[in-house]
Amino acid sequence: MNFGMIKKSALTLILLAFCLSGIAFAQDFKDQAPFDNSELGQFMETWPGFIEWAEEHGEEYGDVDTAAEAQACSQELLSYLSGKGWTGNRFFYVSHQVALGLAALETEENNPKLNAEMDQAIQEIMNNPDIPPAQKDQMLAMMKTSQGQMNQIQEMQENIPPQEMALITANRAKLKEIMSME
């Protein structure tokens, strides 16, 4: 059994779960105008300090999935963002779009390879006599769900305005660096 492939798939599932949880977020923020190059630059300057500040202050920024939740953030967090030139809604919209765009690019780039690895892992699971049938069923269901979620992320890219996707693509390396994805 190649557990390395399963481990990679588990990490992919975590990223996919984050992005898929953002579907409601994206719909909730649908009234937001697309960000431009200047605003993306401001985001890239703000993000590292925001993460450091949020962690020092015990803020749960990862749980912000709707405009209402953005407004319900602590006044201290909203004041921090305001001091950096942001509203909570706008900052969390841009962070969501960037994360979704990066995930879509990574999925698009790695999808054929990941699908092949997952197909191989599925075959290994199915052919392994040491795995109990109930556990096989559970593992196979997770793998198939993961494959479907990867496809869903690619489809979600269509919800990112083209001008935002172009900026994310052009700034991909820097965005991955500041969002600790490398």
Side-chain angles (χ1 to χ4, degrees), residues 7-67 69-111 113-114 146 149-150 152-182:
K7 184 177 176 183
K8 275 187 195 177
S9 297
L11 293 173
T12 301
L13 279 172
I14 292 167
L15 176 62
L16 293 171
F18 167 75
C19 291
L20 292 172
S21 71
I23 293 171
F25 180 90
Q27 291 169 344
D28 193 48
F29 281 87
K30 65 184 171 201
D31 63 329
Q32 294 283 327
F35 59 79
D36 61 17
N37 194 47
S38 175
E39 195 170 28
L40 182 61
Q42 179 186 3
F43 173 79
M44 290 190 294
E45 289 177 21
T46 305
W47 182 259
F50 167 75
I51 294 301
E52 185 177 313
W53 182 91
E55 288 175 358
E56 287 175 4
H57 290 81
E59 292 287 346
E60 298 293 329
Y61 59 88
D63 294 335
V64 178
D65 290 329
T66 65
E69 288 174 354
Q71 291 304 313
C73 288
S74 76
Q75 191 56 47
E76 193 176 8
L77 183 141
L78 295 175
S79 293
Y80 173 85
L81 290 174
S82 179
K84 301 293 183 184
W86 293 96
T87 65
N89 283 359
R90 190 63 181 169
F91 182 79
F92 290 114
Y93 167 79
V94 173
S95 68
H96 173 266
Q97 294 296 94
V98 166
L100 182 58
L102 288 172
L105 289 171
E106 293 296 309
T107 301
E108 183 178 322
E109 183 177 294
N110 296 311
N111 201 19
K113 180 182 173 192
L114 287 173
S146 178
Q149 289 173 334
M150 285 189 300
Q152 235 179 328
I153 281 191
Q154 285 183 295
E155 291 169 12
M156 288 172 59
Q157 180 178 345
E158 296 171 10
N159 295 327
I160 300 173
Q163 61 270 42
E164 287 182 354
M165 202 63 212
L167 290 170
I168 293 166
T169 301
N171 292 281
R172 182 180 185 179
K174 180 69 175 171
L175 288 166
K176 284 175 64 175
E177 178 186 322
I178 68 162
M179 296 187 92
S180 301
M181 292 177 67
E182 295 214 284

* Expected output: side-chain S82 to main-chain S79 donor-acceptor under 3.5 Å -> no

* To do: Would you confirm whether E164, through its side chain, and V94, through its main-chain N or O, come within 3.5 Å as a donor-acceptor pair?
  =>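 No; zero donor-acceptor contacts below 3.5 Å.
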
Output the distance between atom [atom1] ([X]) and atom [atom2] ([Y]), rounded to the nearest 0.5 Å.
X    : Y    : atom1 : atom2 : value
I51  : M179 : CD1   : CE    : 7.0 Å
I178 : E45  : CD1   : CD    : 9.5 Å
Q32  : N89  : CD    : CG    : 6.0 Å
N37  : M44  : CG    : CE    : 7.0 Å
M165 : L100 : CE    : CG    : 8.0 Å
E52  : H57  : CD    : NE2   : 10.5 Å

Does the side chain of [X] reach to within under 4.5 Å of the side chain of [Y], using non-hydrogen atoms?
X    : Y    : result
R172 : E106 : yes
Y93  : D31  : no
F43  : W86  : yes
P34  : Q97  : no
L40  : L175 : yes

* Asked: When the aromatic ring centroids of F50 and W47 are compared, is their separation below 6.0 Å?
  ->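 Ring centroids of F50 and W47 are less than 6.0 Å from each other.
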
* To do: List the atom of Y80, the atom of T46, and the distance in Å for their closest heavy-atom pair.
  =>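 Scanning both residues, the minimum pair turns out to be OH-O, 4.5 Å.
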
* Atom of D36, atom of L167 and distance for their closest heavy-atom approach ->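 D36 and L167 have their closest heavy atoms at C-CD1, 3.5 Å.
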
